[in-house]
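Quick notes on the structure that follows.
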Amino acid sequence: MATPNAKIQLGGLARKLVQDGIIEESSAINAQAAAIKSKIPFVSYIVQQKLANSSKIAEAASAEFGVPVVNLDAVDIEADVIKLVRESLVRKHNTLPLFKRGNRLFIAVSDPTLLQAIDEVKFHVGMSTEAILVEEDKLQRVINKSMEDNDTSLSELNDGDYDDLDYVDEEDANADDATDSDIDDAPVVRFVNKVLLDAINKGASDIHFEPYEKNYRVRFRMDGILNEVATPPIGMSNKLSARLKVMSRLDISERRVPQDGRIKLNLSKNRSIDFRVNTCPTLFGEKIVLRILDPNSAKMGVEALGFEDEQKKLYLDALSKPYGMILVTGPTGSGKTVSLYTGVNILNQPGVNISTAEDPVEINMPGINQVNVNNKVGLNFSSALRAFLRQDPDIILVGEIRDLETAEIAIKAAQTGHLVLSTLHTNDAPQTLTRLVNMGVPGYNIASSIHLIVAQRLCRRLCTHCKKTLDIPKEALLEEGFSNEEIKQGITIYGPKGCDQCTEGYKGRVGIYQVMPVSEEMGRIIMEGGNALVLGKQAQKEGVPDLRQSGLKKIKAGMTSLDEINRVTKE
């Protein structure tokens, strides 16, 4: 019986490669079909799949079409010329502009038979083009590097650049009349793409698009602090909203109610970034906030979280237990999801069944059954948990315990042989226990099911290149919480300075934690109706440092500043 690809006729360079014995005919036919399906050039596909050697392909193309092969490493690529062709076109046809001579543009290709690609570039730049034959693997490497180097930072854009953008007044910018093609053709597309890429490059966690009465601003949250990065004209407000909503697959005609969506941005063949998108109607338009979700953040390892040695041991010991509950607490944006998924990543083995219910799923992880909570159709945390318990689970992750029903099902699962991980919004570990009691969970169930509570915050790391020592009086150090013994032994306190390697003296963030095992004595206090204050004193007696004490350790280690710890822990 004929295969589905049997009708494909090999032509051009593919036929030459088969004739020269560089690739088998059957492999070439299958590769050509796969390349068409993947919408990438044939040569790119066979090199990526390691079906043929890049240099042999270039030699065959040179012999067949009489075009010399140029060593791309020896070519001096002109940075200004790269900007002539948009990145989507470069990647679509796997071609790169190299240099310009008069009105002629020279472009690098690995397959000279792709006349359509050459013509499309010619039409796009409005110049005559001439193809230069290069090796595919070198071309791909140079394209990736050139696109990264050529990415315009928002800091380089000024008001004059924005004035040239094609935008219309608010009365004319009706999102109801906007179509996908209208929005895709608009220059606003370039601006939005640059904002997204720049946020990723700068390590931002959130992007805020904010309309006001007389101005519009874009802000990045970097290391926990919002920074203004652009102020496009207010007339772009509806255009920006429409573009972001199209990318997020939201209803562009609905501007009266909040909407939730998602954007997936492919940075390379091996890496993609997701954005969680929320729109909210304000007085002067829709404010749109994008949360940047990097799957790599959950795979960085428990060592990178910032646990002290004893805290890390407690967390790993709790993860190794076959049943029970681990709770991670803290405000929004304190890194709870990363801490949980770091643990889940450790547990993610072929021999276990892991299911998660989240609102929404923030980090996609292969090997885990992830469920997006959808209250509109009745799929809430409690109904998802009930379904999990009928699916032979070993480990369950609940995005958040919000109500008594969810808490009771999660605790029942923890008591019947399952390991349950979840989060709560409380200020510290002792308050988590009293919060569950206030929800209506019986004290004996809390004492018998919860093994560990982790309260956490994220504080900014001092830049290692420019941090400076501070001279702080002994009395001030005592007031901040350092002991006489620590001061006598000598403490070096560092503060921020600021350089071209950081933002206001800080670069990156580190977690500070209160890791509290639920001991028998704490269980007794809970069952006797003890409050968070009593539980906190018991935790101190058992040697569990609170968030403030953990923060002081980070200061002693030179990782962060006193001002930063005061910002996140001072009550």
Side-chain angles (χ1 to χ4, degrees), residues 221-227 304-312 314-315 328-336 339 425-432 453-499 502-517 531-571:
R221 186 176 293 279
M222 294 183 290
D223 299 333
I225 304 295
L226 281 169
N227 298 279
L305 292 177
F307 284 121
E308 303 295 333
D309 290 341
E310 182 60 28
Q311 292 175 336
K312 182 174 74 174
L314 289 170
Y315 187 44
V328 180
T329 77
T332 302
S334 60
K336 299 187 298 295
S339 293
H425 286 266
T426 57
N427 289 327
D428 61 14
Q431 286 185 28
T432 305
I453 301 173
V454 180
Q456 69 179 79
R457 300 287 189 278
L458 288 176
C459 65
R460 292 180 290 173
R461 283 181 185 266
L462 284 168
C463 174
T464 55
H465 295 92
C466 68
K467 66 181 181 180
K468 61 182 180 181
T469 56
L470 301 178
D471 186 16
I472 300 178
K474 175 183 176 182
E475 294 75 16
L477 293 176
L478 287 170
E479 192 175 319
E480 294 291 351
F482 291 102
S483 67
N484 268 312
E485 286 185 16
E486 289 174 319
I487 296 170
K488 285 177 183 177
Q489 291 172 0
I491 302 173
T492 304
I493 306 293
Y494 293 93
K497 183 179 179 183
C499 67
C502 63
T503 304
E504 298 177 356
Y506 297 96
K507 187 173 184 179
R509 289 192 287 178
V510 64
I512 56 172
Y513 302 90
Q514 180 183 26
V515 182
M516 188 181 85
N531 58 28
L533 196 60
V534 179
L535 287 165
K537 289 179 179 177
Q538 180 60 31
Q540 289 287 316
K541 189 186 293 185
E542 294 178 9
V544 177
D546 60 22
L547 287 166
R548 178 75 182 175
Q549 291 164 337
S550 293
L552 295 179
K553 288 183 179 179
K554 294 290 189 291
I555 294 172
K556 286 174 61 180
M559 297 173 71
T560 189
S561 68
L562 192 53
D563 287 342
E564 185 65 8
I565 293 301
N566 284 337
R567 182 180 71 85
V568 298
T569 67
K570 199 80 169 180
E571 295 181 359

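In this text the structure is predicted, and so the values were computed from the model without any measurement. All residue numbers in this chain count up from 1 along the given sequence.
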Which residue in the set Glu564, Lys467, Arg461, Met222 passes side-chain contact (heavy atoms from CB on, under 4.5 Å) when paired with Tyr506?
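When Glu564, Lys467, Arg461, Met222 are each tested with Tyr506, the side-chain contact (heavy atoms from CB on, under 4.5 Å) holds only for Glu564.
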Return the minimal non-hydrogen interatomic distance between [X] and [Y], and the atom names on each side.
X      : Y      : result
Val544 : Pro517 : CG2-CD, 4.2 Å
Gly330 : Lys336 : O-NZ, 3.1 Å
Ala429 : Ala455 : N-CB, 3.6 Å
Cys463 : Cys499 : SG-SG, 3.8 Å
Val510 : Lys554 : CG2-CE, 3.9 Å
Cys459 : Ile565 : SG-CD1, 4.0 Å

I'd like to know if the side chain of [X] reaches the main chain of [Y], judged simply by a donor and an acceptor atom lying under 3.5 Å from each other, with no hydrogens or angles considered.
X      : Y      : result
Gln456 : Gly335 : yes
Lys553 : Pro545 : no
Tyr315 : Phe307 : no
Thr560 : Arg460 : yes
Glu480 : Leu562 : no
Lys474 : Ile487 : no

Take Glu542 and Met516 through the test side chain to side chain contact (heavy atoms under 4.5 Å, CB included) and record every step on the way to the result.
CA-CA 9 Å; Glu542 294 178 9; Met516 188 181 85; over 6 Å; no
Measuring from atom [atom1] of [X] to atom [atom2] of [Y], what distance do you get when rounded to the nearest 0.5 angstrom?
X      : Y      : atom1 : atom2 : result
His425 : Ser334 : NE2   : OG    : 8.0 Å
Arg509 : Ile225 : CZ    : CD1   : 8.5 Å
Thr329 : Ile453 : OG1   : CD1   : 7.5 Å
Leu547 : Leu552 : CG    : CG    : 11.0 Å
Asp223 : Glu504 : CG    : CD    : 10.0 Å
Leu314 : Asp309 : CG    : CG    : 11.0 Å

Go through the side-chain N and O atoms of Gln489 and Glu485 and say whether any donor and acceptor fall under 3.5 Å apart.
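No, no side-chain donor-acceptor pair sits under 3.5 Å.
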If we count only N and O atoms by modelled type, under 3.5 Å, do the side chains of Thr426 and Thr432 hold a donor and an acceptor together?
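Per modelled atom types, Thr426 and Thr432 side chains form a pair under 3.5 Å.
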Is there side-chain contact between Gln431 and Asn531, with at least one heavy-atom pair below 4.5 Å?
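The answer is no; the side chains never approach within 4.5 Å.
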Mind checking whether Pro430 and Gln514 have side chains closer than 4.5 Å, heavy atoms only?
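Side-chain contact under 4.5 Å: yes.
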Pairing of Glu486 and Lys556 as salt bridge, 4.0 angstrom limit
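Answer for the salt bridge query: yes.
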Verdict with reasoning, Ile512 to Val568, per side chain to side chain contact (heavy atoms under 4.5 Å, CB included):
CA-CA 10 Å; Ile512 56 172; Val568 298; 4.0 Å; yes
